[in-house]
A.B. asks: 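I'd like to ask some things about the structure below.
Chain letters run A, B, ... following the sequence lines, proteins first and then strands; every chain starts at 1.
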Protein chains: 4
Amino acid sequence: MKEKITDHSIRLFEKKGFSETSIQDIVDTLGVTKGTFYYYFSSKEELLMNIHLGYIDELLTSQMQILENNQISCKQQLFEIVYLLIGSIELKGSSAKIFFREMRNLSEDRLTQIVQKRDQFRMNVERLIREGMEKGEFRADLNAAIVTFGILGAANWSYQWFNPNGNSSDREVAEIFVEMILKGIQLN
Amino acid sequence: MKEKITDHSIRLFEKKGFSETSIQDIVDTLGVTKGTFYYYFSSKEELLMNIHLGYIDELLTSQMQILENNQISCKQQLFEIVYLLIGSIELKGSSAKIFFREMRNLSEDRLTQIVQKRDQFRMNVERLIREGMEKGEFRADLNAAIVTFGILGAANWSYQWFNPNGNSSDREVAEIFVEMILKGIQLN
Amino acid sequence: MKEKITDHSIRLFEKKGFSETSIQDIVDTLGVTKGTFYYYFSSKEELLMNIHLGYIDELLTSQMQILENNQISCKQQLFEIVYLLIGSIELKGSSAKIFFREMRNLSEDRLTQIVQKRDQFRMNVERLIREGMEKGEFRADLNAAIVTFGILGAANWSYQWFNPNGNSSDREVAEIFVEMILKGIQLN
Amino acid sequence: MKEKITDHSIRLFEKKGFSETSIQDIVDTLGVTKGTFYYYFSSKEELLMNIHLGYIDELLTSQMQILENNQISCKQQLFEIVYLLIGSIELKGSSAKIFFREMRNLSEDRLTQIVQKRDQFRMNVERLIREGMEKGEFRADLNAAIVTFGILGAANWSYQWFNPNGNSSDREVAEIFVEMILKGIQLN
DNA sequence: TATGAATGAGCGTTCATTCAT
DNA sequence: AATGAATGAACGCTCATTCAT
């Protein structure tokens with residue numbers, strides 16, 4: 001039941017927004033009463049936190065697996081991470097949207113926790129960029145921090161428009177993005 | 001008074017969110033009463049729409065000026081547009097955040113209007129990319145649509161992290177982004 | 001309207017208790033809606049605090065008038081204070097009951113305020129007892145603090161049983177109490 | 001288990017009040033679940049009734065023992081009863097507070113029962129006063145009913161302030177009270 | 001004996017909106 | 001141009017109680 005509530009909530013939060021979705025809305029789609037909700041969650045915010053954690057924790061785990069793989073180059077690792085982000089929209093798109101949109105509705109304490117994890121993900125990418133610069137895979141004159149923001153921006157923004165059922169697959173989009181990031185769009 | 005209400009609302013909506021800001025909150029900061037608000041606006045949503053229009057219309061106007069300037073290359077136009085977006089965060093950061101975050105709170109009719117303008121801005125960039133491809137400024141094998149999403153993603157995302165008072169200026173960030181987009185980060 | 005709400009609330013709180021009386025109960029007796037209540041009071045607790053203050057402040061003022069009257073003896077002042085307490089049940093009986101029963105429902109801050117005033121009333125009586133002991137009106141071997149508790153207990157308790165429409169008037173009860181307190185019930 | 005529930009409830013009801021204490025609060029302190037509570041009690045009110053009965057029945061029994069003792073004077077009996085009341089605060093203070101504060105939360109039927117017993121206790125004191133008047137122990141001109149209210153008020157009120165760990169013991173307080181009641185505070 | 005899931009009614013509070021003045 | 005009183009619907013949440021197991 002807890003899982004059912006979470007799943008239905010994710011769908012509703014994505015469609016209508018967190019503040020705009022009432023507990024009543026959630027339980028109505030399940031045919032249960034509000035009491036049932038509060039049997040499983042101590043507050044609406046706790047449910048939101050669960051959704052946030054479910055998303056970011058899985059992302060961090062996957063990112064770790066990519067970064068620990070020493071057999072592939074930094075370029076390839078970068079591709080995998082971009083692919084991870086865009087692909088996650090196909091699999092967990094609703095959670096992704098909630099993650100990026102509804103942070104403001106967490107309490108200060110919980111927000112700190114989530115921001116920490118989000119920053120950790122970013123710092124891991126920044127470190128990868130630096131490593132690639134040292135190893136000669138990337139140009140040595142990059143501003144790693146800002147380039148990282150650019151890469152993550154391109155990838156994360158896709159939750160706003162990427163349609164898993166559209167013309168391009170997540171892999172294609174990731175390839176186009178990484179190609180652009182690596183080689184640039186300029187004709188030499 | 002209408003302008004004063006709008007200005008104070010922008011600040012509040014940015015800080016606390018649209019749904020989380022009450023009419024009472026707004027009029028309290030102005031020392032007037034709720035009746036005054038409804039003398040100038042027919043609903044809270046109309047105010048939100050005004051803020052949205054104020055932001056996107058100005059952006060479209062500026063974009064037009066850049067695109068109509070035939071004396072500069074496509075590359076330069078692209079730079080100007082990225083700079084426009086990041087720079088707008090310094091000048092109109094609150095409106096930018098509201099624009100990207102609070103679309104959901106518009107009625108369907110009004111949303112359509114705004115989405116149209118937002119898409120227009122994007123299609124203008126896509127057309128610029130295609131023009132550059134034809135003119136030989138950009139590589140001819142690009143997927144213009146997706147590359148455009150990537151560029152706008154990198155630029156728009158900056159409203160989430162860019163701090164006008166931080167280490168890098170808006171111009172520097174724009175330069176780093178456009179350099180990355182044009183030349184790529186790979187060491188040849 | 002604020003006064004009307006307060007008056008009706010006092011009656012309801014007395015009859016059913018503070019926790020057991022809902023805002024809905026209150027506004028129903030007035031034929032208005034809950035919104036109206038919150039237009040005048042920021043919370044249910046604020047209303048309770050108003051009732052508490054209305055009672056104790058008036059009592060303290062009256063007590064002060066008695067104690068500042070230098071033309072009457074300590075004995076007479078004691079009588080006036082007991083009479084004040086019992087008489088207040090006739091006039092403000094409901095408030096009195098609420099005052100003694102519903103302190104627990106105030107927030108810590110507000111409780112402190114009220115307890116201070118209640119203690120001030122008691123300390124004023126204790127001081128009167130000491131003064132009477134020094135002046136030779138009262139026996140010199142009294143434990144002023146505990147005797148004060150006894151006197152106030154006898155008087156305050158009357159809110160539990162005293163019926164203004166019963167056989168004895170407030171003045172008679174006060175006279176009987178003070179006679180008992182002064183002369184004792186023992187036959188010498 | 002039933003006793004354990006009762007004991008923990010008494011402590012909670014005293015601290016937070018009956019209405020403000022939930023069944024969940026009670027079972028949480030015991031590490032059991034709500035079902036367990038309802039296995040032993042048919043309702044929250046039944047539990048409250050049990051607490052009331054436990055207090056007043058014991059008090060009535062003790063009072064009876066005092067009144068049946070023909071070897072001591074009325075004065076002494078009066079002392080014993082006052083001592084019984086104040087002393088009960090030390091031993092059963094929580095129950096005492098609940099008894100005086102939470103009557104309102106009983107159903108009409110149960111309230112009648114309790115009020116009867118409470119009145120019985122009072123009438124026993126009133127009868128004692130009359131007996132003392134007849135026997136020449138007390139002044140013959142007393143209004144027995146109201147004097148009784150005064151005595152019980154002084155004694156019962158002590159649950160509001162008497163601290164068993166404070167400067168004066170229950171016995172001392174009882175002695176001071178009875179001395180005041182018997183001899184008065186006036187210097188002859 | 002005790003649990004755990006679920007209910008249903010109610011609570012205090014918020015808030016966008018209306019409207020006579 | 002602005003106020004102040006009032007509404008009504010909704011919201012997050014609580015809680016005594018039920019009941020199959």
A.B. asks: When you measure from the side chain of N50(B) to the backbone N and O of L47(B), does any donor-acceptor pair fall under 3.5 Å?
C.D. replies: no
A.B. asks: Under the criterion salt bridge (Lys or Arg N to Asp or Glu O under 4.0 Å), I'd like the reasoning laid out for E58(C) against K117(C): C-alpha separation, chi angles, the key distance, then a yes or no.
C.D. replies: CA-CA 11 Å; E58(C) 200 175 304; K117(C) 293 186 184 235; over 6 Å; no
A.B. asks: Anything under 3.5 Å between a donor and an acceptor, one on a side chain of residues 38-45 of chain B, the other on a protein residue two or more places apart or in another chain? List them.
C.D. replies:
residue : atom : partner : partner atom : Å
S42(B)  : OG   : E46(B)  : OE2          : 2.9
S43(B)  : OG   : E45(B)  : N            : 3.3
S43(B)  : OG   : E46(B)  : N            : 3.1
K44(B)  : NZ   : F18(B)  : O            : 2.9
K44(B)  : NZ   : T21(B)  : O            : 2.7
E45(B)  : OE1  : R110(B) : NH1          : 3.3
E45(B)  : OE2  : S107(B) : N            : 2.7
E45(B)  : OE2  : S107(B) : OG           : 3.1
E45(B)  : OE2  : R110(B) : NH1          : 3.4

A.B. asks: Is there a side-chain contact between K34(C) and I26(C) in this structure, where contact means two heavy atoms from C-beta onward sitting under 4.5 Å apart?
C.D. replies: no
A.B. asks: Write down the distance between CG (L30(A)) and C1' (dA5(E)), rounded to a whole number of angstrom.
C.D. replies: 14 Å
A.B. asks: Encode nucleotides 13-21 of chain E as B, S and - characters from 5' to 3', where the letter depends on protein heavy atoms closer than 4.0 Å: B to the base, S only to sugar-phosphate, - to neither.
C.D. replies: BBBBBB---
A.B. asks: Over how many whole Å does the gap from F41(A) atom CZ to dT14(F) atom C1' extend?
C.D. replies: 18 Å
A.B. asks: Sub-3.5 Å donor-acceptor pair from the side chain of T36(D) to the main-chain atoms of V32(D), do we have one?
C.D. replies: no
A.B. asks: Establish, from distance only, whether the side-chain atoms of D119(B) and Q116(B) form a donor-acceptor pair under 3.5 Å.
C.D. replies: no
A.B. asks: Tell me: NZ of K4(A) to P of dA5(E), nearest whole Å?
C.D. replies: 14 Å
A.B. asks: Quick check on the helix from dA2(E)-dT21(F) to dT21(E)-dA2(F): what's the angle between its two end axes, five base pairs per end, to the nearest 10°?
C.D. replies: 20°
A.B. asks: Which pair of non-hydrogen atoms, one from V27(D) and one from T33(D), has the smallest distance, and what is that distance?
C.D. replies: CG1-O, 3.7 Å
A.B. asks: Between C1' on dC15(F) and CG on L47(D), what's the gap in Å once rounded to a whole number?
C.D. replies: 15 Å
A.B. asks: From the set dA2(F), dA2(E), dA5(E), return the single nucleotide nearest to any side-chain atom of Y39(B).
C.D. replies: dA2(F)
A.B. asks: Is the backbone of E14(B) close enough, under 3.5 Å, to the side chain of R101(B) for a donor and an acceptor to pair up by distance?
C.D. replies: yes
A.B. asks: Would you say the rings of W157(C) and F100(C) are close, in the sense that their centroids are separated by under 6.0 Å?
C.D. replies: no
A.B. asks: Would you tell me if any nitrogen or oxygen in the side chain of T33(D) comes within less than 4.0 Å of OP1 or OP2 on dT3(E)?
C.D. replies: yes
A.B. asks: I need the NZ-C1' distance between K2(A) and dG4(E), as an integer number of Å.
C.D. replies: 14 Å
A.B. asks: In this structure, how many angstroms lie between the P atom of dC11(E) and the CG atom of N105(C), rounded?
C.D. replies: 15 Å
A.B. asks: Quick one: is dA5(F) close enough that its OP1 or OP2 comes under 4.0 Å of any side-chain N or O from T36(C)?
C.D. replies: no
